[in-house]
Amino acid sequence: MINGPHVIKCKAAVAWGRGEPLSIEDVEVAPPKAHEVRVKIVATGVCHTDWEYLYETGKGMKFRPFPLVLGHEGAGIVESVGPGVTKFSPGDKVIPLFLPQCGECDRCRSPKTNHCRKNWDNTQMGVLADGTSRISCKNQQIYQFLGVSSFSQYTVVPDTSLTKIRSDAPLEKVCLLGCGVSTGYGAAVNTGKVEKDSLCAVFGLGAVGLAAVMGCRVAGAKRIIGVDINPDKFDKAKVLGATECVNPRDHNKPIQEVIVAMTHGGVDYALECVGSPDIMSAALESTADAWGTCIIAGWTETAAMKVMVEKILMGRTLKGTYFGGWKSVQDVPKLVDDYMNNRLELDEFITHSLPLDQINVAFDLLKSGKSIRTVISL
């Protein structure tokens, strides 16, 4: 593997515009600049946030510029490092991170949050610290989604948005820890702090919701109710720990009323893993009024949630979580260890494996509800 200041030509799935299918293109990936690392992406999960940004910008997502390379749930191998990089070397197995951890700011030093903002404004708009991207195609800049762009065979990320993992970890599995599984699992064990013998309800049984189910089970919840309008998800939810599943379409009253009746007063913890304001309100109202906690893990950037003040005044807690509360650089390797030591499931989330040129098929599988996670091999 050649290292040094050279441009790499490779394949990437480029989004040229909103609502357009991804196009497999030959792109050029520039060498890393100061405090940047160039990574050969081996595998990437296809997350609902990628689909949502491409097809629903302006609805639930803020605008980010096109053309861009999507993907933010990847794993790969360090190809080369830029000046000033001390924690990574060529050949290291790594997971890029859409949430950085610089280790120096007030937020990184606080145990209360994982919300580091190193390079945040830039990466949210698809560029790195100097205001430009490292990916180009047809003589124009291609933006990097959330500063990652794992739908490219090579990408460049800040050294604070990358974590080194053990050398024996299978990249086609642990890539899922870059977003979905970590988010749902952490929503239960970190943000919600689900207690032993508690009653839980998880709204939405995609990858994030199924990981939340797993987190509730690991925390010792005695009853875990999975909620989804797609009954095909129920068997997988039960494998991961759900004690029962409910389809809102099977009932003629609001799902929160169904849950309250099923549990004789409401659940202790409700986790919303869809990103729908209406479902967020339903999740909150499904909790016990005196002490229930609702955790919002579903992603939306522009929508507003309606909350009756009384629902909070009586004693409920409403919390949000971002990346499951994990401090990314230090915690993701521990999650990899948990998987390698059979303390955390990942294989159960992977329903399809496809090559990069089938990326649009992966989006179709996701939107139709036929997949939980498709892993793309690059």
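Owing to the predicted nature of the structure, the values given are computational and were not obtained by experimental measurement.
Contact check on Glu310 versus Arg316 returns no salt bridge, with no Lys/Arg side-chain nitrogen under 4.0 Å from an Asp/Glu carboxylate oxygen. Salt bridge Lys33/Asp130: present, at least one basic N to carboxylate O contact under 4.0 Å. Salt bridge present: Asp26 and Lys11 bring a charged side-chain N and a carboxylate O closer than 4.0 Å. For Lys40 and Glu79, the salt-bridge test fails: no basic side-chain N is under 4.0 Å from an acidic carboxylate O.
Residue pairs meeting the ring pair (Phe, Tyr, Trp, His ring centres under 6.0 Å) criterion with at least one member in residues 80-112, sequence neighbours excluded: His72-Phe98, Phe98-Tyr322, Phe98-Phe323. For residues 168-189, the set of pairs meeting the side-chain hydrogen bond (donor to acceptor under 3.5 Å, both in side chains) definition, not counting sequence neighbours, comprises Arg166-Asp168, Lys173-Asp347. Here side-chain hydrogen bond (donor to acceptor under 3.5 Å, both in side chains) pairs that include residues 232-245, with residues two or more places apart or in two chains, are Arg223-Glu244. For the side-chain hydrogen bond (donor to acceptor under 3.5 Å, both in side chains) condition, the pairs that include at least one residue of residues 102-112, sequence neighbours left out, are Asp106-Arg109.
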Audit row: Thr132, Arg134, side-chain hydrogen bond (donor to acceptor under 3.5 Å, both in side chains) steps and yes/no: CA-CA 7 Å; Thr132 67; Arg134 301 292 164 266; 2.9 Å; yes
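With sequence neighbours excluded, no residue satisfies ring-ring contact (aromatic ring centres under 6.0 Å, His included) with Tyr143.
Counted within 6.0 Å of NZ on Lys118, heavy atoms from surrounding residues, nucleotides or ligands total 12 or fewer; the atom is thus considered open.
Ring to ring, Tyr53 and Phe66 are close: their centroids are under 6.0 angstrom apart.
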N/O donor to acceptor pairs below 3.5 angstrom from side-chain atoms of residues 195-214, sequence neighbours left out:
residue	atom	partner	partner atom	Å
Glu195	OE1	Tyr269	OH	3.2
Ser198	OG	Glu195	O	2.6

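For Glu52 and Trp299, the side-chain atoms include no donor-acceptor pair closer than 3.5 Å.
A heavy-atom distance below 4.5 Å is found between the side chains of Val27 and Ser152. In this structure the side chain of Lys138 reaches within 4.5 angstrom of the side chain of Glu25, judged on heavy atoms.
Under a hydrophobic-cluster definition in which Ile, Leu, Val, Met, Phe, Trp and Tyr are linked whenever side-chain heavy atoms come within less than 4.5 Å, directly or via other members, Ile296 and Val181 are assigned to different clusters.
Here the straight-line distance linking atom CD of Gln144 with atom OG of Ser149 works out to 4.5 Å at 0.5 Å rounding. A distance of 12.5 Å separates CH2 of Trp326 from CD of Gln101, quoted to the nearest 0.5 Å.
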